[in-house]
Amino acid sequence: MNPWNDPSLGDDERIGALMAEMTRDEKLAQLGSYWSKANVGSGDARVAPIEEALAARSGEAEALAHGIGHLTRPYGTRPLTPEEGRAELVRVQRLLTGTTRLGIPALAHEECLTGFAAYGATVYPTPLAWAATFDTALVERMGAAIGRDMASVGVHQGLAPVLDVVRDYRWGRVEETLGEDPYLTGLIGTAYVRGVQSGGVVATLKHFAGHAASRGARNHAPVSIGAREMADVILPPFEMAVREGAAGSVMNTYTDQDGVPACGDEHLLTTVLREQWGFEGTVVSDYGSIAFLHTMHRVAADEADAARVALGAGMDVELPNTRCYGEPLARQLDAGHVAPELLDRAVERVLRQKLRLGLLDAGYSPEDDAGTGRPVDLDSPANRTLARTVAERSVVLLANEGAALPLDPARTPRIALVGPGADDSGTFLGSYSFPNHVLPKHPGHPAGLALPTLREALTAELADVTLTYERGCAVSGDDRTGLPAAVRTARSADLALVVVGDRSGMFGNGTSGEGCDAPDLALPGVQGDLVEEVLATGVPVVLLVVSGRPYALGGFAGRCAAVVQSFMPGEEGGPALARVLSGRATPSGKLPVQIPATPGSGPGTYLNPPLGRHSDGISVLDNTPLYPFGHGISYTTFGYEDLRVASGRVPTDGFIEISCLVRNTGDRPGRETVQLYYDDPVAQVARPTQQLVAFGSVGLEPGAAARVAFRVHADQTSYTKDASGDGQRIVEPGTLRLMIGSSSGDIRLSTGIELTGPLRRVGADRHLSHA
């Protein structure tokens, strides 16, 4: 037995022995990847940006001759059954273990933004919906289920979660994010990482860092934010997932920050990620981004030069195919432009990851790894129940002024179901779900799993209601010919349920999703006209928005009997929404992004100092949201009382302990998410007037009360003082205002405390989350 295959030896000894045995070609192979793109279909949809530039330059035999680091998306490129996918993956792994000199298996990676992106696998709600639950335990459960399914068929690494903090709602990939607050993003994202990795799959944090802060919300556009915004808003979720979630991999962003592309940024990929945060995993390139250093960013003369820049910065693996890290990198090594130690550094990281996954053990078998012979159900009943639970918990009731919800057959026996999302389950799915991401390349191919529509679910849920349906219009386009029929259908009903929003796709094949950036925040197409014309009938309207980003609803909301927001709730979205609308499930979701009032009011998030908020006399543009961050009501009501603080004076290295009593003051059971914000009214830099620092949920029966308590370290109030220097964060003495409420705009209780003692400088060992 080779020493590197001996599990009884220490990791360092095994890796050292293998590295000593490897030729340079074998080392280079471990930094590359192979994506077999044969038979990917004939449709117009694309599964990767600039897809034609990412194709393999050689056949399988040549690409795998010395081994390979990664196999790219063996299940997620075309519709394969689990058995077909397993057989193909085992064939390639057998080729690697049986015909290459060292027999090192590859890491197989897949997308998992809305679940395992494979044919017939469960499609969970989009990440923006996870964030709307404000429930880390539930998201961790979901992540664990996704990880188990991927591992069961031989997948080792998942390309999620997206930890980009939303800065402009027009960006197409808002649906993939966890919202606009770095703390919520960090906690939910870290929970997902823990879940996925508990199933034996390496989670990949992306996009490191600043992707969602691009100019004009354009995909891949340069990022012009300052170093302090990067340090205090963009980076904290990644740091939390690395330090508290032990994430195993990180993927770079395509963008440049102040002219420096992330793929070639040594400060970001090495100084911050590894030296400051202690990251020990692998950094993998977003697809094609190493070559983009030459073709798009123009900081490298050619692909060989791009390889030099990326490897030196700390980029370990090139995805999805080897273009720069093969022969071009070899030329750079020959010319002395790249030190061999840099090659060894990256190779060791890849091998260490393979070792920890058991791929180097003497007993490794491709068949066992892929679960050959074991039955697998990638869309099990347990998965579907979990998907529905996440979907239900993510539904946000924005308004219910007309008390139209829950639907009551006695009051509204005739309901008109109108809108492009009413009978199209595709509108419930994110852009990286297999049905929306891959199947458009295979027109006419069955979906591979049950995708009930809202119309079907409501028909089953409301047996005593006469439900009439009319689409009215498409999600996009300017065809108004269906509007009159929708209006007639609404007029004949006691209530109109109007379902509008997005259909997710990629690079122009949808209204939301990668590359589908929006010029403004008006509902796409003529959906706004549809809502207006139905409202004009005078029939009570329940407006249901199923979307990947928040849309401006100020022109409609005040005239609707109720308004509901759902962020692409996944395969069980129809039944989940039907249960919430009927009252069988009580809404408890909270907004992870604000809902704007007007389409062009200057998109911005709640994390603003005073001059970032509306003020009469300063600007005629009012950017006050229609519904603020954290907003979400229920079918019951909650009262807040008896605020208690353990001490009004807390050392700058101490804990703030605060609690309040929450009471269900309505007549139905419900769940409330209590949110703690703080304000630092006098600081050395301009700071937000509100910032989330803790949250917790409590379920209560009518009349019941429970005390909700938070323990927050003073470190959580730190901020970056001198971003031009070493990025040092400080905790400074002074007065803080603490605010507890149902949302950032509905503060129920507040108090002041004093941080005492010396100003403290804090680093990567600081407390990141509350207890």
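Along the sequence shown, the residues carry numbers beginning at 1. In this text, all values refer to a predicted model and were calculated from it rather than measured experimentally.
Between Arg94 and Glu367, at least one side-chain N (NZ, or NE/NH1/NH2) sits under 4.0 Å from a carboxylate O, which counts as a salt bridge. Glu461 and Arg584 are joined by a salt bridge, as a carboxylate oxygen and a charged side-chain nitrogen come within less than 4.0 angstrom of each other. One finds a salt bridge joining Arg393 and Asp135 here, because a Lys/Arg side-chain nitrogen approaches an Asp/Glu carboxylate oxygen to under 4.0 Å. In this structure, Asp164 does not pair ionically with Arg173, as no charged nitrogen and carboxylate oxygen lie closer than 4.0 Å.
Once rounded to the nearest 0.5 Å, the distance linking CG of Leu71 with CD of Gln157 reads 12.0 Å. How far CD of Gln565 is from CG of Leu543: 9.0 Å, rounded to the nearest 0.5 Å. Rounding to the nearest 0.5 angstrom, the gap separating the CG atom in Asp408 from the CG atom in Asp494 is 11.0 Å. The CG atom of Leu205 lies 12.0 Å from the CE atom of Met240; values are rounded to the nearest 0.5 Å. Put simply, CG on Leu378 and CZ on Phe434 are 11.0 Å apart, with the number rounded to the nearest 0.5 Å. Interatomic distance, Arg86 CZ to Glu84 CD, rounded to the nearest 0.5 Å: 12.5 Å.
Judged by the 6.0 Å and 45° rule, Lys206 forms a cation-pi pair with Tyr432.
A distance below 6.0 Å separates the ring centres of Tyr287 and Trp35.
Glu176 and Thr126 share no side-chain donor-acceptor pair at under 3.5 Å. A side-chain donor from one of Asp502 and Tyr551 sits under 3.5 Å from a side-chain acceptor of the other. Remark: the Ser512 side chain and the Glu175 side chain contain an N/O donor-acceptor pair separated by less than 3.5 Å. A donor-acceptor contact under 3.5 angstrom links the side chains of Gln353 and Thr282, judged on distance only. Side-chain contact annotation: Asp379 with Thr122, donor-acceptor N/O pair under 3.5 Å present.
No side-chain heavy atom of Lys441 sits less than 4.5 Å from a side-chain heavy atom of Leu439. With a 4.5 Å cut-off on side-chain heavy atoms, Leu577 and Ser566 count as touching. At a threshold of 4.5 Å between non-hydrogen side-chain atoms, the residues Cys516 and Thr511 do not count as touching. Residues Thr77 and Val438 have side chains not in contact (no heavy-atom distance under 4.5 Å, counting atoms from C-beta outward). Between His109 and Leu319 the shortest side-chain heavy-atom distance falls below 4.5 Å.
For the residue pair Ala121 and Phe116, the shortest heavy atom distance occurs at CB-O, 3.3 Å. The minimum heavy-atom distance linking Pro320 with Thr72 is given by the pair O-OG1, 2.9 Å. Taking each heavy atom of Val390 and Pro125 in turn, the nearest pair found is CG1-CG, 3.8 Å. What you find for Leu692 and Ala694 is that their closest heavy atoms are CD1-O, 3.5 Å. In terms of heavy-atom proximity, Val396 sits nearest to Gly632 at CG1-CA, 3.8 Å. Residues Ala404 and Val542 come closest through the heavy atom pair CB-CG2, 3.9 Å.
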With a 3.5 Å cut-off and sequence neighbours excluded, list the donor-acceptor pairs that the side chains of residues 140-155 form with protein atoms.
unit_1, atom_1, unit_2, atom_2, d
Asp149, OD2, Asn383, ND2, 2.7
Ser152, OG, Asp149, O, 2.7

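Put simply, the residue from Val162, Leu163, Val165 that forms a side chain to side chain contact (heavy atoms under 4.5 Å, CB included) with Thr177 is Val162. For the side chain to side chain donor-acceptor pair (under 3.5 Å) with Glu672, the lone residue among Ser588, Ser742, Ser697, Ser634 that qualifies is Ser742. Test Val498, Leu454, Leu417, Val500 against Leu544 for side chain to side chain contact (heavy atoms under 4.5 Å, CB included) and you get one pass: Leu454.
A donor-acceptor pair is defined here as one N or O able to donate and one able to accept, closer than 3.5 Å; no such pair exists between the side chain of Asp464 and the backbone of Pro409. Side-chain N or O atoms of Tyr635 include one that pairs as donor or acceptor with a backbone N or O of Val580 at under 3.5 Å. At least one donor-acceptor pair under 3.5 Å links the side chain of Asn509 to the backbone N or O of Met506. Listed for the Thr453 side chain is a donor-acceptor partner under 3.5 Å among the backbone atoms of Glu456. Panel note: side chain Gln197, backbone Ala246; a donor-acceptor pair is recorded below 3.5 Å. Remark: the backbone N or O of Arg579 is paired with a side-chain donor or acceptor of Ser582 at under 3.5 angstrom. Thr427 contributes no side-chain N or O that, together with a main-chain N or O of Arg503, makes up a donor-acceptor pair within less than 3.5 Å. Remark: the backbone N or O of Gly426 is paired with a side-chain donor or acceptor of Asp424 at under 3.5 angstrom. Judged by distance alone, the side chain of Ser431 and the main-chain N or O of Gly513 form no donor-acceptor pair under 3.5 Å. Thr133 places a side-chain N or O within 3.5 Å of a backbone atom of Trp130 that can act as its donor or acceptor partner.
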Q. How far apart are the C-alpha atoms of Leu449 and Tyr119, what are their side-chain angles, what is the distance that settles it, and do they pass the side chain to side chain contact (heavy atoms under 4.5 Å, CB included) test?
A. CA-CA 8 Å; Leu449 72 172; Tyr119 183 63; over 6 Å; no
Q | Pair Leu159-Leu113, side chain to side chain contact (heavy atoms under 4.5 Å, CB included): steps then yes or no | A | CA-CA 7 Å; Leu159 304 186; Leu113 280 163; over 6 Å; no
(Q) Checking Tyr169 against Val593 for the side chain to side chain contact (heavy atoms under 4.5 Å, CB included) test, could you report, in this order, the C-alpha distance in whole Å, the side-chain angles of both residues, the deciding distance, and whether it holds? (A) CA-CA 8 Å; Tyr169 309 132; Val593 287; 3.9 Å; yes
Q: For Thr636 and Asn664, run side chain to side chain donor-acceptor pair (under 3.5 Å): C-alpha distance rounded to whole Å, both residues' side-chain angles, the deciding distance at 0.1 Å, then the answer.
A: CA-CA 7 Å; Thr636 188; Asn664 184 339; 2.6 Å; yes
(Q) Run Glu244 and Ser769 through side chain to side chain donor-acceptor pair (under 3.5 Å) and show every step you take. (A) CA-CA 9 Å; Glu244 298 191 346; Ser769 56; 3.1 Å; yes
Q. When you look at Tyr469 and Val418, which way does the side chain to side chain contact (heavy atoms under 4.5 Å, CB included) test go after all the steps?
A. CA-CA 6 Å; Tyr469 161 73; Val418 171; over 6 Å; no
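Ring geometry, His445 versus His442: the interplanar angle exceeds 60°, so the pair is classed perpendicular (tilted spans 30 to 60°). Taking the six-membered ring where the residue is Trp, Tyr183 and His770 present tilted rings, their angle falling between 30° and 60°.
Lys354 meets the side-chain hydrogen bond (donor to acceptor under 3.5 Å, both in side chains) test with Gln30; sequence neighbours excluded.
Legend: salt bridge (Lys or Arg N to Asp or Glu O under 4.0 Å) pairs involving residues 560-574, not counting sequence neighbours, sorted by first then second residue: Arg384-Glu571, Arg384-Glu572.
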